[in-house]
2 protein chains.
Amino acid sequence: MASLQTPYPAPARVPDDDAPRHTSARERIAARGGRVTRTRLAVLEMLQHGTHPLSHDEIAEALASAGIAHDRVTLYRALDWLVEQGLARRIAGGERAWRFEGVRDAGHRHAHFHCDRCGQVVCLEGLQPAPATALPSGFQVERADLVLHGQCAACGRRDEELRP
Amino acid sequence: MASLQTPYPAPARVPDDDAPRHTSARERIAARGGRVTRTRLAVLEMLQHGTHPLSHDEIAEALASAGIAHDRVTLYRALDWLVEQGLARRIAGGERAWRFEGVRDAGHRHAHFHCDRCGQVVCLEGLQPAPATALPSGFQVERADLVLHGQCAACGRRDEELRP
DNA sequence: GGGCTTGATGCAACATTGTAGCATTAGGCT
DNA sequence: AGCCTAATGCTACAATGTTGCATCAAGCCC
Ligand SMILES: [Mn+2]
Ligand SMILES: [Mn+2]
Ligand SMILES: [Zn+2]
Ligand SMILES: [Zn+2]
């Protein structure tokens with residue numbers, strides 16, 4: 001499956017009230033009235049420290065590598081719960097599988113880039129999804145999902161190396 | 001399954017060179033060197049006349065209603081072929097299933113609105129997906145998919161009727 | 001620390017969406 | 001009308017996610 005590296009470094013982030021740097025995954029889970037289980041804990045820590053959205057499959061693989069026993073269904077349910085609680089966000093990359101990223105600032109939204117070559121999804125922190133202008137009357141917009149598709153920098157470099 | 005009505009009328013469209021109004025589905029298929037089969041023909045006609053993107057399932061249902069015998073797999077392949085040929089476009093509505101719409105103008109792109117209540121996807125002809133500004137170097141953007149999520153006008157009205 | 005309660009897990013079975021292989025059919029051409 | 005082969009129909013399979021239910025263990029009270 002896909003590796004867990006990100007092809008470009010994420011920019012520095014400003015800590016916010018919702019999730020100050022020193023609030024541990026354990027505390028954030030407990031604060032929502034959820035039980036701190038090994039799967040939830042490991043997944044939330046992974047998402048908090050991750051720089052790009054991860055698929056269920058990638059997370060499962062990482063858990064396995066870390067020697068954390070887990071069940072497919074439990075992982076689905078843990079991810080659902082994290083999203084419900086606002087601790088994670090679900091991203092549709094244009095494939096059939098969802099991807100998940102940790103939520104630092106509940107108010108902060110950003111666009112994503114999906115590489116159609118390698119399947120990586122990277123966060124475009126600087127790019128806000130367009131606001132809901134010129135919408136037919138009666139429509140209420142909850143959120144905007146903007147996904148750019150194309151070729152990532154890593155795939156571009158790989159191309160150049162192959163034909164110099 | 002979902003009905004085939006659209007909750008708001010599509011604006012008038014200007015015919016273009018790629019697909020002048022008088023070019024029949026039959027002619028467009030043949031022009032690409034494809035064989036004109038009943039499934040391709042019916043699907044392309046449906047997409048050309050439709051005002052919002054349809055899922056495989058909705059198309060299958062419409063074919064069945066029209067008494068056009070078809071196979072699940074054949075329909076998948078017909079849709080793939082139409083997309084390859086530039087006659088249809090695939091839209092990720094944020095669910096697991098793709099949706100398809102006819103392509104009138106190959107150059108024209110627009111955003112979509114996905115109603116999280118009823119699942120309908122409607123075209124926002126006036127809203128262009130944001131261009132690729134402020135992208136990390138080395139990234140090449142092919143296209144932008146912008147999907148607004150929220151509640152459509154029909155669902156809003158239904159709400160008001162229930163609690164007046 | 002020991003027991004209770006119930007939220008969370010693990011497992012099996014199922015649903016949906018889409019693909020692959022391959023024999024058969026039928027579209028278009030002569 | 002007959003031929004060639006693109007397209008179909010069928011079966012089997014893969015990937016992703018969901019549901020039901022018995023069992024386990026996290027957190028709480030003592
Ligand atoms: Mn992101
Ligand atoms: Mn559209
Ligand atoms: Zn790439
Ligand atoms: Zn709706």
Side-chain angles (χ1 to χ4, degrees), chain A residues 1-2 24-44 53-61 63-64 67-85 87-88 90-100 114 116 119 121, chain B residues 1-2 24-44 53-64 67-85 87-88 90-100 114 119 121:
Chain A
M1 300 284 132
S24 68
R26 174 178 296 277
E27 285 167 322
R28 297 180 81 193
I29 292 170
R32 264 80 178 179
R35 290 185 182 173
V36 179
T37 65
R38 66 180 187 282
T39 304
R40 280 183 185 170
L41 196 54
V43 170
L44 182 53
L54 300 173
S55 68
H56 173 280
D57 213 49
E58 288 167 334
I59 296 169
E61 203 186 338
L63 287 180
I68 295 164
H70 64 283
D71 181 77
R72 235 168 53 85
V73 178
T74 300
L75 178 52
Y76 276 117
R77 292 198 270 230
L79 288 167
D80 285 347
W81 186 84
L82 291 173
V83 170
E84 267 170 33
Q85 300 302 318
L87 296 174
R90 207 187 301 267
I91 285 133
E95 286 167 321
R96 302 180 55 219
W98 294 105
R99 287 166 179 272
F100 300 86
H114 179 119
D116 294 331
V121 173
Chain B
M1 302 283 131
S24 69
R26 173 178 297 277
E27 285 167 323
R28 296 180 82 194
I29 292 170
R32 264 82 178 176
R35 291 185 182 172
V36 179
T37 64
R38 66 179 188 281
T39 304
R40 281 183 184 170
L41 196 55
V43 171
L44 183 53
L54 300 173
S55 68
H56 173 279
D57 213 49
E58 288 167 334
I59 296 168
E61 203 186 339
L63 287 180
I68 295 165
H70 64 285
D71 181 75
R72 233 169 54 84
V73 179
T74 300
L75 178 51
Y76 277 117
R77 293 198 271 230
L79 288 167
D80 286 347
W81 186 84
L82 290 173
V83 170
E84 267 169 35
Q85 300 301 318
L87 296 174
R90 206 186 301 268
I91 285 132
E95 285 167 323
R96 301 179 56 218
W98 293 105
R99 286 165 180 274
F100 299 87
H114 178 120
V121 173

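Chain A is the first sequence line, chain B the second, and so forth, proteins listed ahead of strands; every chain is numbered from 1. Because the structure is a prediction, the values reported are computed rather than measured.
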Residues B/Ile91 and B/Pro53: closest non-hydrogen pair is CD1-CG, 3.8 Å
Over how many whole Å does the gap from [X] atom [atom1] to [N] atom [atom2] extend?
X       : N      : atom1 : atom2 : value
B/Trp81 : D/dT5  : CH2   : P     : 19 Å
A/Glu95 : C/dG18 : CD    : P     : 13 Å
B/Leu44 : D/dA7  : CG    : C1'   : 16 Å
B/Asp57 : C/dA15 : CG    : P     : 15 Å
B/Glu84 : D/dA7  : CD    : C1'   : 13 Å
A/Glu61 : D/dA15 : CD    : P     : 13 Å
B/Arg32 : C/dG28 : CZ    : C1'   : 19 Å
A/Asp80 : C/dG7  : CG    : P     : 17 Å

Would you compute the distance between atom [atom1] of [X] and atom [atom2] of [Y] and round it to the nearest 0.5 angstrom?
X       : Y        : atom1 : atom2 : value
B/Tyr76 : B/Asp71  : OH    : CG    : 11.0 Å
A/Ser55 : A/Glu61  : OG    : CD    : 8.5 Å
B/Leu82 : B/Phe100 : CG    : CZ    : 9.0 Å

| NA contact type, A/Trp98, heavy-atom cut-off 4.0 Å: base, sugar-phosphate, or nothing? | sugar-phosphate
The side chain to side chain contact (heavy atoms under 4.5 Å, CB included) partners of B/Arg26 (sequence neighbours excluded) come to B/Ser24, B/Val36, B/Leu41
Contacts of A/His70 meeting ring pair (Phe, Tyr, Trp, His ring centres under 6.0 Å) (sequence neighbours excluded), chain-then-number -> none
Students should find that the end-to-end axis angle of the helix from C/dG1-D/dC30 to C/dT30-D/dA1, with five pairs defining each axis and rounding to 10 degrees, is 40°
- Task: Answer whether the closest heavy-atom distance between the side chains of A/Arg28 and A/Gln85 falls below 4.5 Å.
- Result: no
Query raised in the report: Is a donor-acceptor pair below 3.5 Å formed from side chain A/Arg96 to base D/dT16, judging by atom type as modelled?
Result: no
Numerically ordered, the residues 69-78 of chain B set in heavy-atom contact under 4.0 Å with DNA chain C is B/Arg72, B/Val73, B/Tyr76, B/Arg77
Per-nt protein contacts along nucleotides 22-30 of chain D (heavy atom under 4.0 Å; B base, S backbone sugar-phosphate only, - none) come out as ---BBS---
In A/Leu79, A/Val43, A/Thr39, A/Thr37, the residue satisfying side-chain contact (heavy atoms from CB on, under 4.5 Å) with A/Thr74 is A/Thr39
- Is the closest basic N to carboxylate O distance between B/Glu84 and B/Arg32 below 4.0 Å? no
Apply side-chain contact (heavy atoms from CB on, under 4.5 Å) to residues A/Ile29 and A/Trp81 and explain how you reach the verdict.
CA-CA 10 Å; A/Ile29 292 170; A/Trp81 186 84; 3.9 Å; yes
A/Arg72 meets the salt bridge (Lys or Arg N to Asp or Glu O under 4.0 Å) criterion, sequence neighbours left out, with none
